[in-house]
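Reading through the structure tokens given below for one structure.
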Amino acid sequence: GEGALLLIEAAEKRKHLNLSLNNLRLEGSRAVAKLLQKSSVLTRVDLYKNALDNESAVLISSAIRSNPNSTIASVDLSDNKISERGAASL
């Protein structure tokens with residue numbers, strides 16, 4: 001939702017971002033991916049139960065891989081709509 005998107009923007013200097021239970025869906029995963037492409041401080045992102053799908057998983061994993069300064073150690077994508085195909089991108 002819109003509130004989660006504002007939270008993402010405010011999270012640029014945080015080490016842990018918890019967006020669990022926010023119904024982010026694909027639109028929200030795009031915003032998360034944008035943050036992950038540039039963050040050099042986040043170490044943990046919790047995206048539990050957000051109706052994320054395979055495309056969301058690909059966006060998030062690609063964003064982390066494309067950031068040479070990424071410090072991500074943990075991403076919780078449990079209880080989403082990600083199949084084995086989406087999980088393979090992680």
Side-chain angles (χ1 to χ4, degrees):
E2 188 175 317
L5 297 178
L6 293 173
L7 185 60
I8 290 167
E9 290 174 12
E12 291 187 14
K13 294 183 169 70
R14 304 203 40 105
K15 288 188 175 191
H16 177 205
L17 179 61
N18 186 350
L19 293 173
S20 298
L21 303 166
N22 273 291
N23 201 29
L24 294 177
R25 301 179 186 252
L26 181 58
E27 179 184 346
S29 69
R30 287 186 179 117
V32 170
K34 189 174 178 180
L35 173 65
L36 295 176
Q37 284 176 327
K38 60 184 179 177
S39 175
S40 61
V41 294
L42 270 174
T43 59
R44 181 173 147 196
V45 180
D46 292 327
L47 299 169
Y48 163 80
K49 205 165 191 173
N50 271 297
L52 302 179
D53 59 11
N54 291 336
E55 188 175 347
S56 299
V58 170
L59 284 169
I60 290 166
S61 63
S62 295
I64 294 169
R65 282 193 205 100
S66 71
N67 180 350
N69 300 313
S70 178
T71 54
I72 295 291
S74 171
V75 178
D76 180 359
L77 289 168
S78 60
D79 207 3
N80 280 288
K81 299 177 180 181
I82 300 170
S83 71
E84 288 182 28
R85 184 173 63 87
S89 72
L90 300 172

- Query: T43 side chain to K15 main-chain N or O, any donor-acceptor pair under 3.5 Å?
  - Reply: yes
- Determine whether D53 and L26 make a side-chain contact, defined as any pair of heavy atoms from C-beta on separated by less than 4.5 Å. yes
- Task: Quick one: closest heavy-atom pair of L77 and N80, and the distance?
- Result: O-ND2, 2.9 Å
- Message: Return the CG to CZ distance between L24 and R30, rounded to the nearest 0.5 Å.
- Response: 12.5 Å
- Task: Go through I60 and L52 one step at a time and tell me if the side-chain contact (heavy atoms from CB on, under 4.5 Å) criterion holds.
- Result: CA-CA 10 Å; I60 290 166; L52 302 179; 4.3 Å; yes
- Item | Pairwise distance CZ(R44) to OG1(T71) - rounded to 0.5 angstrom | 13.5 Å
- Query: Which atoms form the tightest heavy-atom contact between A63 and A33, and what is the distance?
  - Reply: CB-O, 3.3 Å
- I would like to know whether N67 and L36 meet side-chain contact (heavy atoms from CB on, under 4.5 Å); could you show each step before the answer? CA-CA 7 Å; N67 180 350; L36 295 176; over 6 Å; no
- Query: Any idea which heavy atoms bring N50 and S20 closest together, and the distance?
  - Reply: ND2-CA, 3.8 Å
- Item | Smallest separation among heavy atoms of D79 and Y48, with atom names | CB-CE1, 3.5 Å
- Item | Non-hydrogen atoms of A87 and I82 that approach each other most closely | N-CG2, 3.5 Å
- Say you draw a straight line from OG of S74 to CG of D46; how long is it, rounded to the nearest 0.5 Å? 6.5 Å
- Message: I need the L59 CG to S29 OG distance, nearest 0.5 Å.
- Response: 5.0 Å
- Gap between atom CG of L21 and atom CG of L47 - 0.5 Å precision: 11.0 Å
- Are the side chain of N54 and the backbone of S83 linked by a donor-acceptor contact shorter than 3.5 Å? yes
- Item | Result of checking L90, L42, I64 against V75 for side-chain contact (heavy atoms from CB on, under 4.5 Å) | I64
- What are the two closest non-hydrogen atoms of S56 and R25, and how far apart are they? OG-O, 4.1 Å
- Under 3.5 Å: donor-acceptor pair, side chain of S61, backbone of A57: yes
- Hey, what do you get for NZ (K49) to NZ (K81), rounding to the nearest 0.5 Å? 11.0 Å
